[in-house]
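Below you'll find the structure, written out as structure tokens, and then a few comments.
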Amino acid sequence: MKSPGVKLAPSILSADFGCLGEQVAEAAEAGADYIHIDVMDGHFVPQITIGAPVVAAIRRWTNLPLDVHLMISAPENQVEQFADAGADIITVHVEACSHVYRVVQMVKGLGVKVGVSLNPATSISTLTEILPELDIALVMTVNPGFSGQAFIEGTLDKISRLRTELDRRGLAAELEVDGGINAETAPRVVRAGARVLVAGAAVFNPQRTVKEAIDKIRASFD
């Protein structure tokens, strides 16, 4: 199954934060397309991760697009500082926004690409009106908050339905998936229509080098 348009976005959530810059550089050297940065606030999701200063530090280690995924409540209060820190893409959760269109316009006004993410139980219908404004439509394939979770099988149909809707309307938004992505699940989500794959534990782990891990995932669907 040749899929030349599929991008890989290693998630630093599973990286070694003791040498984070080196891990980011290793992923870039290994052929990553984006660097995915999960920002969690301990409120919208249980865990607390990083803020804008870490994004700024990562920016100094790579020229790859920084794909910043805000798993936070009231993201409109934070988007400007992440744009200033060097984010190229800022994705917010529809579930976290009282007025998602306003937040999308705010991000676009900062000169940054914008995405909206859906939790596993959230219908794609919540994106119907906003899809033409998006650069990224992100489907969570695990419940957000922790790395290393098992892929939720029911999300495959959701990915397929969103792919159909994007194609039917001739929209250019990239369909991204995040959660439980590895060499076994990657070809399945690509067949369903995903075009950007976020992988954390499958890329940053002690079993193989980052390059070996990225090559294994890419070989699974190429």
Is the shortest side-chain heavy-atom distance between Arg218 and Leu8 below 4.5 Å? yes
Between Gln149, Glu95, Gln47, Met71, which is the residue that forms a side-chain contact (heavy atoms from CB on, under 4.5 Å) with Pro144? Met71
Below 4.0 angstrom, N of the basic side chain to O of the carboxylate: do Arg59 and Asp88 qualify? yes
How many angstroms lie between OG1 in Thr209 and NZ in Lys216, if you round to the nearest 0.5 Å? 12.0 Å
Atom of Ala186, atom of Ile217 and distance for their closest heavy-atom approach: CB-CG2, 4.0 Å
Should the pair Glu174-Lys7 be classified as a salt bridge under the 4.0 Å nitrogen-to-oxygen rule? yes
Give the intermediate values and the outcome of side chain to side chain contact (heavy atoms under 4.5 Å, CB included) for residues Glu133 and Gln105. CA-CA 8 Å; Glu133 304 295 323; Gln105 292 300 308; 3.2 Å; yes
Under a 4.5 Å cut-off applied to non-hydrogen side-chain atoms, are Met40 and Leu13 in contact? yes
Closest non-hydrogen atoms of Ser125 and Ser123, given as atom of the first, atom of the second and distance, are OG-OG, 2.9 Å
Val203 to Pro10 - nearest heavy-atom pair and separation: CG1-CB, 4.0 Å
Nearest 0.5 Å, please: how far is CG in Asp135 from CG in Leu171? 11.5 Å
So, for Thr62 and Ala28, which heavy atoms are closest and what is the spacing to 0.1 Å? OG1-CB, 3.9 Å
Would you say that more than 12 heavy atoms from the other residues, nucleotides or ligands in this model lie under 6.0 Å from the NZ of Lys108, or not? yes
Go through the steps for Ile58 and Ile37 under the test side chain to side chain contact (heavy atoms under 4.5 Å, CB included), then give the verdict. CA-CA 9 Å; Ile58 293 170; Ile37 303 173; 3.9 Å; yes
Tell me if the CD atom of Glu29 is crowded by more than 12 foreign heavy atoms within 6.0 Å. no
Would you call the rings of Phe44 and His93 parallel, tilted or perpendicular, where under 30° means parallel and over 60° means perpendicular? tilted
Gap between atom CD1 of Ile50 and atom CG of Asp41 - 0.5 Å precision: 12.5 Å
The reported gap from CG in Asn63 to CD1 in Ile35 (rounded to nearest 0.5 angstrom) is 11.0 Å
Would you check, one step at a time, whether the test side chain to side chain contact (heavy atoms under 4.5 Å, CB included) holds for Met106 with Glu80? CA-CA 9 Å; Met106 183 182 298; Glu80 186 171 359; over 6 Å; no
Do the side chains of Thr155 and Ile152 get nearer than 4.5 Å, heavy atoms only? yes
Met140 side chain near His69 side chain, heavy-atom distance below 4.5 Å: yes
pair Arg169-Leu131: side-chain heavy atoms closer than 4.5 Å: yes
So do Leu156 and Phe151 actually touch side chain to side chain, heavy atoms under 4.5 Å? yes
Nearest 0.5 Å please: distance from the CG atom of Asn77 over to the CG atom of Leu70. 11.5 Å
